[in-house]
Amino acid sequence: METFQLLLAKRLSDALANAGLAETGELTQATDPRFGDYQTNVALVLGKQRGENPPALAEKILSHLDVDDVCELPAVAGAGFINFTLRPDAIEKKTREVLRDNRLGVPETASSQRIVIDFGSPNVAKPMHVGHIRSTVLGDALARIAQFLGHEVIRDNHIGDWGTQFGMVIYGWKNLLDRQALQRNPLAEIVRIYKETNARAASDPEVREACRQELVKLQAGDKENIDIWNECVALSMQDFEHVYKLLGIHYDLQCGESFYHDRLPGVVDCLLKAGIAEISEGAVVVFFRDNPELADKPLIIRKRDGGFNYATTDIATVDYRVNELKADAVWYVVGAPQTLHFKQIFDVARREGYTADLRHIIFGSVLGEDRKLMKTRSGENVPLRELLEEACKRARKIVEEKNPNLSEEEKTDIAEKIGIGAVKYADLSQYRMTDYIFSWEKMLALHGNTAPYLQNAYVRIRSIFRKAGESWHRHPADEEIGWKPMPLCLAELPEIDLAKRLCQFAEFVPHALNGFRPNILTNYLFELANSFHAFYEACPVLKSEEPRRSSRLALCDLTAQVLQRGLGLLGIKVPEKM
RNA sequence: GCGCCCGUAGCUCAGCCGGAUAGAGCAACGGAUUUCUAAUCCGUGGGUCGGGUGUUCGAGUCACCCCGGGCGCGCCA
């Protein structure tokens, strides 16, 4: 199915060809409703290129432009813009097509890629904390959108399960472990022994040396240390799994750092042989002499003591993803502080001859209301699990206030959908690069650009259909059993506005993925909910006469589908009641 | 020192590859409810887009400089 934007762009392109003019400029959604629905600046661009008068050029283009079937007469305005206003009957026709389409009008990409998305990546022996939320939620949303658009997505959790911190964890495990505490709360006990060891090592060189020895033994494959390590990984994974279940997130692969451990010596040898790396001050180092930006920023891939570091692991990871997973693209959803690191890794990959599209998808930090990195009152990282449970608790309280008659089960289910949805939406609705200030009040607010507001629009629609009864029920398979969409008759402005927005879902989804910007999708959904609420206020559904009643029911149905699908692409669920 | 990111209404933020008179939400103020969930809607006020210079038909957006904040830069991840 073709969007209005694509259709008009094609017609414009035909007109330019017929007028003997070069194809240039762009056709976009109008920047302001006063200018109609779509606009193009071709005449301005051409005017500049040819040194001609833009409004005159616009008129010339108009004389070759055939859009009568979808638009009112296009108008030249301002400095030479051409404005397009969709005709209600064209909107009606398109809406009917979208209603019939189980992809809601969104076309699959013509160039499907295999994309590995690296997101989340928590560290073993530490609980997931609020710092992991953006990567996890953003990565999951991008994965869902990419998949919906027809890409083959591999979600990979690059767990930090092989760092130097294990020297300390193992030392603590052997010397400080409280078995009972471990049973009660495994991760808390691991964190405790780690911290205490860390404190001791800071003041006692002997402890520091002992930790180093434990790490060496682990890396050499010492049975006892490997067993301890395995147990720590398993206990951590339980915590992660709990959080992932709450968030509704899954991975296709969980190839952590340890997965690449055996490959590291080979990676270094390879880079040395290829002349990409060299020995410098006893370490193996990659220099980027031909890259001005990195010229004074070498990358160490083997330390003087023979150990490898995370740069080595990340290069091994690129090798694996490109050579064995056959990835066309790899997206790293990792915070902004690692920008330099990934520039280096990608440059190494380029020199290895890889052509895969490697991207660092950067995002800002989560700040507390004091504008500093979000911490608990005692200065600790806020555990993600507690934060999510708090969100559900707060949502539950609101549900109980607003709708006390629901059953316990319903309340729990609804609170989870609202609470988790609110946390995700608050994150995704903001441009990913800006630091994000965490605020319970803001994210759980019922007005404004929040998950509950959108969920409420969905719930209001579902309520209409409950009242309407079984007579109007739509399933994807209805068409096969002879269900026919009711003819739409859009008469009032709020109906036309709503329908128009519904048709534009297809224009926003690919756009959101292009910039790796789910906030483009949240903005659209927010505006859709606005349009729906305006429609809801102005246009009674069940009480109106046929054929208007059926037409409005169809609009409601489609709105609910787009809201559900759109929020679904962001990993957010919708409740039937709230 | 070098580099990256950010600075838009009182607050939190949008603003796409440079487009027309810079938009939302919150807060403030004024309205709307015998009506499908008022968990809503309609309206009003509110701006030197950090500052400057430049590029051009046109700059919040691009370039350069400055100010302010955050982050990163040879053996942590």
Side-chain angles (χ1 to χ4, degrees), chain A residues 25-26 28-32 34-35 39 41 44-45 47-48 53-54 77-81 83 121 123 160 162-165 257 280-285 293-305 307-311 313-314 335-341 343-344 362 364-365 367 369 371-373 398-399 401-403 418 426 429-431 433-437 439 441-442 445-450 452-453 455-457 459-468 511-512 514-515 517 519-520 522-523 526-527 530 533-534 536-544 552 556 577-578:
Chain A
E26 55 191 1
T28 59
Q29 289 177 18
T31 52
D32 190 298
R34 283 181 313 232
F35 308 137
Q39 64 182 43
N41 62 353
L44 291 161
V45 178
K48 186 175 187 175
N53 175 262
F81 292 96
N83 292 337
S121 310
N123 288 320
W162 197 255
T164 44
Q165 79 269 24
E257 290 168 351
S280 164
E281 297 175 35
V284 179
V285 181
E293 203 183 339
L294 299 176
D296 59 343
K297 315 254 189 268
L299 179 70
I300 291 173
I301 58 172
R302 194 175 70 200
K303 298 186 284 184
R304 199 181 320 192
D305 68 3
F308 305 102
N309 54 23
Y310 85 134
T313 306
D314 278 353
Q338 297 200 36
T339 304
L340 173 62
H341 170 71
K343 277 184 181 159
Q344 293 173 318
I362 297 165
S365 315
L367 307 182
E369 306 215 39
R371 297 188 145 277
K372 295 188 174 154
L373 275 182
I398 299 172
V399 172
E401 272 170 35
K402 301 284 185 187
N403 213 341
I418 294 180
S429 60
Q430 190 159 324
Y431 177 53
M433 210 73 97
T434 33
D435 288 344
Y436 148 57
I437 296 178
S439 154
E441 287 71 40
K442 210 189 133 193
L446 307 157
H447 296 244
N449 193 5
T450 64
Y453 176 80
Q455 287 166 326
N456 179 240
V459 163
R460 289 179 117 180
I461 296 171
R462 298 309 302 156
S463 180
I464 289 175
F465 282 104
R466 275 195 300 276
K467 285 241 158 79
H511 188 27
N514 277 341
R517 293 176 45 181
N519 73 310
I520 286 174
T522 63
N523 277 346
F526 175 56
E527 281 168 13
N530 272 334
H533 280 130
Y536 183 93
E537 295 289 327
C539 306
V541 177
L542 296 176
K543 284 170 191 154
S544 54
R552 288 180 176 170
C556 285
K577 301 176 186 170
M578 65 191 280

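Heavy-atom basis, side chains included; hydrogens, waters and symmetry copies ignored. Labels below follow one simple rule: chain letters A, B, ... track the order of the sequence lines, proteins then strands, and each chain is numbered from 1.
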Return the value, rounded to whole Å, for the distance between atom CZ of Arg552(A) and atom P of C36(B).
15 Å
Excluding sequence neighbours, so at least two apart, what forms side chain to side chain contact (heavy atoms under 4.5 Å, CB included) with Ser429(A)?
Tyr425(A), Asn449(A), Thr522(A)
Could you work out the separation of C26(B) and C41(B) based on their P atoms and round it to a whole Å?
8 Å
When rounded to whole Å, the CD to P distance for the pair Gln344(A) and A77(B) reads 14 Å
Among the candidates C13(B), C42(B), C36(B), find the nucleotide nearest to the side-chain atoms of Ile464(A).
C36(B)
Per the O4'-C1'-N9-C4 / O4'-C1'-N1-C2 angle with a 90° window around 0, C17(B) comes out syn
Under a 4.0 Å heavy-atom criterion, the protein footprint on nucleotides 17-22 of chain B, written with B, S and -, is B-BBB-
When the nearest nucleotide of RNA chain B is assigned to Cys539(A) and to Ser429(A) on a heavy-atom basis, which residue is associated with the more 5' position?
Ser429(A)
Could you pick out which residue, Asn456(A) or Ile362(A), lies toward the 5' side of RNA chain B when each is mapped onto its nearest nucleotide?
Ile362(A)
Using modelled atom types only, decide if a donor and an acceptor are shared between the side chain of Asn309(A) and the backbone of Lys303(A) within a distance under 3.5 Å.
no
Between P on U33(B) and NZ on Lys543(A), what's the gap in Å once rounded to a whole number?
15 Å
With 3.5 Å as the limit, what N/O pairs link the protein to nucleotides 24-31 of chain B?
{"unit_1": "C26(B)", "atom_1": "OP1", "unit_2": "His447(A)", "atom_2": "ND1", "d": "3.4"}

Side chain to side chain donor-acceptor pair (under 3.5 Å) against Asn41(A), all qualifying residues, sequence neighbours excluded:
none
Ignoring hydrogens and angles, are the base of C16(B) and the side chain of His511(A) linked by a donor-acceptor pair under 3.5 Å?
yes
So the stems of RNA chain B, runs of at least three Watson-Crick or G-U pairs (under 3.5 Å), are B:1-7 with B:67-73, B:10-13 with B:23-26, B:28-32 with B:40-44, B:50-54 with B:62-66
Touch class at under 4.0 angstrom, heavy-atom based, for Leu542(A) against every strand present:
base
How many whole angstroms separate atom NE2 of His533(A) from atom C1' of C36(B)?
12 Å
With a 4.0 Å cutoff (strictly under), does any side-chain N or O of Tyr453(A) reach OP1 or OP2 of C41(B)?
yes
N/O contacts under 3.5 Å, protein versus nucleotides 69-76 of chain B?
{"unit_1": "G74(B)", "atom_1": "N1", "unit_2": "Ser280(A)", "atom_2": "OG", "d": "3.0"}
{"unit_1": "G74(B)", "atom_1": "N2", "unit_2": "Ser280(A)", "atom_2": "O", "d": "3.1"}
{"unit_1": "C75(B)", "atom_1": "O2", "unit_2": "Arg304(A)", "atom_2": "N", "d": "2.8"}
{"unit_1": "C75(B)", "atom_1": "N4", "unit_2": "Glu281(A)", "atom_2": "O", "d": "3.4"}
{"unit_1": "C75(B)", "atom_1": "N4", "unit_2": "Arg304(A)", "atom_2": "NH2", "d": "3.2"}
{"unit_1": "C76(B)", "atom_1": "OP2", "unit_2": "Lys303(A)", "atom_2": "NZ", "d": "3.0"}
{"unit_1": "C76(B)", "atom_1": "O2'", "unit_2": "Thr164(A)", "atom_2": "OG1", "d": "3.2"}

Between Asn83(A) and Gln39(A), is there a donor-acceptor pair closer than 3.5 Å when you use the side chain of the first and the backbone of the second?
no
Check the distance between C42(B)'s P and Tyr536(A)'s OH and give it to me in whole angstrom.
14 Å
Quick one: which of C13(B), C4(B), A39(B) gets closest to the side chain of Lys343(A)?
C4(B)
